[in-house]
Amino acid sequence: MSREAAIGRHVGILRDQADIRQHELAKQLGWSPAVLSRVESGERPLSADELDAALTAIDTEEARAFPARLARQWRLIPEPSFDDPDADLLWEAEQAAQKVDALAAQPDVKSFFERRIARYKDELLSAAARLGTRRYQVVLTGSIAAGKTMAICRAEGLELVNAKGAITSVLETGPGGTTVCEVHIKRGPQYGIFVEPCTDEEVRRHVLDFARSLLDAKGSTHGEPDDEENEEVISREINRAIRNMTGLVYHPSHRSADGTRLPRIDQARVLAERAGDMKTLAVEVLALMQLHRRDRRDIWYSPSLEKAPLAWLQDVFREINNGLHPEFSLPRRIEVIVPNALLNENSLTVTLVDTQGIDDVAGRADLEQHFDDPHTIVVLCSKFEDAPSIHVRELLRRAREAGVRTLDRHAAVLVLARPGDALKVKDRGALVETEEEGYELKGDEVRLRLTSLRVTDDHMLFFNAAEQDPEVLRAFLRARIAGVRAEHREGLQQIVADANALLVNYEKEQAKEAIRVGAQPLVTWLTHSSGMTEAPSTHVQDSLVEATKVAHPGTIRASVVRDGDWPKLNYGHHLAHGARRMAAQVVEPKLDAFRVIATNILQTKDFALAHDLARQAMRTLEDGFNALIRKVQLVGQSIYADDLSVDTGFWQGCRGERGKGYRDRVNVRNKNWFKQDEGKEADHRVQAVITDEWTATIASVSQLMPKSTD
């Protein structure tokens, strides 16, 4: 939107806030209602005199302040929208950044402050970008059948009453293995669905998995595979979608003319027996899918349709999700578009993400990536009876071990109860008498289990989608977003204040000596205690080994046949996590020790002039830690991509394992790979990066400190 159009639209907002009707303002200005309507829609720009007349007629405090806001010259930070409630703070950041930038450009800038000035500009811009971003994700994850899809539909009114009078969700729900991919719910102009399809290569790999599962399966065409390491070679959701897209479904059992019951026939297994080998079968399946006709990407509701919008949305989503719509390919991601503001939050753009449920290994890349996003709330969902579920606890544990330091702000626990759950709780062997008592006792149990995982009481909610007001859930999620925004706001406010303090002290010689004295404990620690003297006690492969110890044999088999590249057990992701864990284990104690010293300085009044330096040093060290963690993660991933994934002998050996003890034998191969020439340098590669990056981080913090020669 152009600035001129935004000005016109903001005039409409100011008019609405003043409770003036459009035709009343038009009459007062001597304009036609049509002209004012075009102005407020952004179609017709306003001249300076026209804008002044309109603001004078509205005559509110906000209208009188608007010309001053228009006069602001934004050079370093993008101009926020006129209705942004944080616009004034962002302007303060812009002004501070301009002053710091101007000072840094002076040829005779004093070396005592030179390095800190350059750092402040970067800090102001990055913190302003965090606060200026008004797009947030709320990601719901948890065990299969926890009820998160039903909760989302309840919160957003995506529900229908079926022919039997029961309430049903618009998005498909079930006992697990229902949704074929991640689903995003977004706001748009009307009801509709966008589909990001699988790439041709992804479809080919899914079809190869489908073919492999058929050819590897034991038994005849009458029945299901019974070999446990074949069960998950292809997920239930993809299996179902491919069968529906190809027509290779199960024909139900029936009776012959003489009354004999004939068993059901699996048409896919019939085709597999006829094809004989995997490549031939895959070609046959791809031909039946007719992918050249499945090139549609979006579909929209039209009032001309006979169905109501939600009924239409329910039917189309079910068809796309199950491979039943002839125009859509296998989805990689489905976006459901609704015309209302998500969570009833009009000031921000919110996307709700319904992830695929966890039915085996919790450590999945599609879930754990969200913990690092500063604009994402991760909502960990559990059923009432097993809350907090083992998968929730595992995700939180892994996040902490991997150096995620924002769990107390960006993670929340949602316990999804069903009618009667609370009355099944026992207190000293006897059932509770009231639901309130049941919720209270269960809450105590959940809190006890989460004590060490940095999830506070106000970040936990018990919600019964069948009986509670959906506003309870919406308010809880809005509060989590508001908490993150408050964190971003407070962070920027502190940086602005610290930058201005530096500018004030720049010319004061007496301030320099006070800063030197206050900074001395930091300098001493950086000089004598910051070195990386201890090696990690964990190893790159530990996360992978732990996962394959507990994973279902079918999950392991599915990963092995894809050379470790399987969403539910991805070798590269686990090596990346293992590398992060190594880094966090040795670096976080250093970070915490430095924080203690910086906090002591901040609590000492005599060091007041050094407080802004202590805070800036702490932020710099934390930013360096975050960058280190992410770089080490890439190193762990590269060990898989560069070495393990291309070791054909290793994968052939794993694929050759069968029968009883399959999981243990594959895990032995996993361990041995890292003891042999190909993998034994993995730990050293990670440790070298940790040392190099930490050294660079310490150097960047040390550069902020006053030097004896300054």
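Arg398 and Ser543 share a side-chain donor-acceptor pair at under 3.5 Å. At a cut-off of 3.5 Å, with distance as the only test, no side-chain donor of Thr376 or His370 sits close to an acceptor on the other residue. Side-chain polar atoms of Gln616 and Glu123 form a donor-acceptor pair below 3.5 angstrom. With hydrogens and angles left out, the side-chain atoms of Tyr640 and Asn570 include no donor and acceptor closer than 3.5 Å. Ser81 and Asp83 form a side-chain donor-acceptor contact under 3.5 Å, judged by distance and modelled atom types alone. At a cut-off of 3.5 Å, with distance as the only test, a side-chain donor of Ser347 or Glu345 sits close to an acceptor on the other residue. For the residue pair Asp683 and Gln687, no side-chain donor N or O sits within less than 3.5 Å of a side-chain acceptor on the partner.
Using modelled atom types, no side-chain atom of Arg364 and backbone atom of Pro567 make a donor-acceptor pair closer than 3.5 Å. Although no hydrogens or angles enter the test, the distance criterion places no donor-acceptor pair under 3.5 Å between the side chain of Glu368 and the main chain of Leu395. When atom types are taken as modelled, the side chain of Gln493 and the backbone of Leu89 share no donor-acceptor pair closer than 3.5 angstrom.
Note on ring orientation: taking the six-membered ring where Trp is involved, the planes of His410 and His488 are tilted (angle from 30° to 60°).
With Tyr120 as the aromatic partner, Arg116 does not meet the cation-pi criteria of under 6.0 angstrom to the ring centre and within 45 degrees of the ring axis.
Around atom CD1 of Ile390, no more than 12 heavy atoms belonging to other residues, nucleotides or ligands sit under 6.0 Å away. The number of heavy atoms from other shown groups lying within 6.0 Å of CZ (Arg3) is above 12. Remark: Glu534 CD is loosely packed, at most 12 non-hydrogen atoms of other residues, nucleotides or ligands lying under 6.0 Å away.
Between Glu401 and Arg581, at least one side-chain N (NZ, or NE/NH1/NH2) sits under 4.0 Å from a carboxylate O, which counts as a salt bridge. Checked for salt-bridge contact, Glu61 and Arg64 miss the test: no charged N lies under 4.0 Å from a carboxylate O. Salt bridge Arg405/Asp592: present, at least one basic N to carboxylate O contact under 4.0 Å.
Two rings, from Phe66 and His10, have their centers less than 6.0 Å apart.
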For this session: Begin from the C-alpha positions of Asp372 and Arg580 and carry the test salt bridge (Lys or Arg N to Asp or Glu O under 4.0 Å) through to its verdict.
Result: CA-CA 12 Å; Asp372 289 324; Arg580 277 187 67 147; 2.7 Å; yes
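Of all heavy-atom pairs between Ser382 and Val392, the closest is OG-CG2, 3.4 Å.
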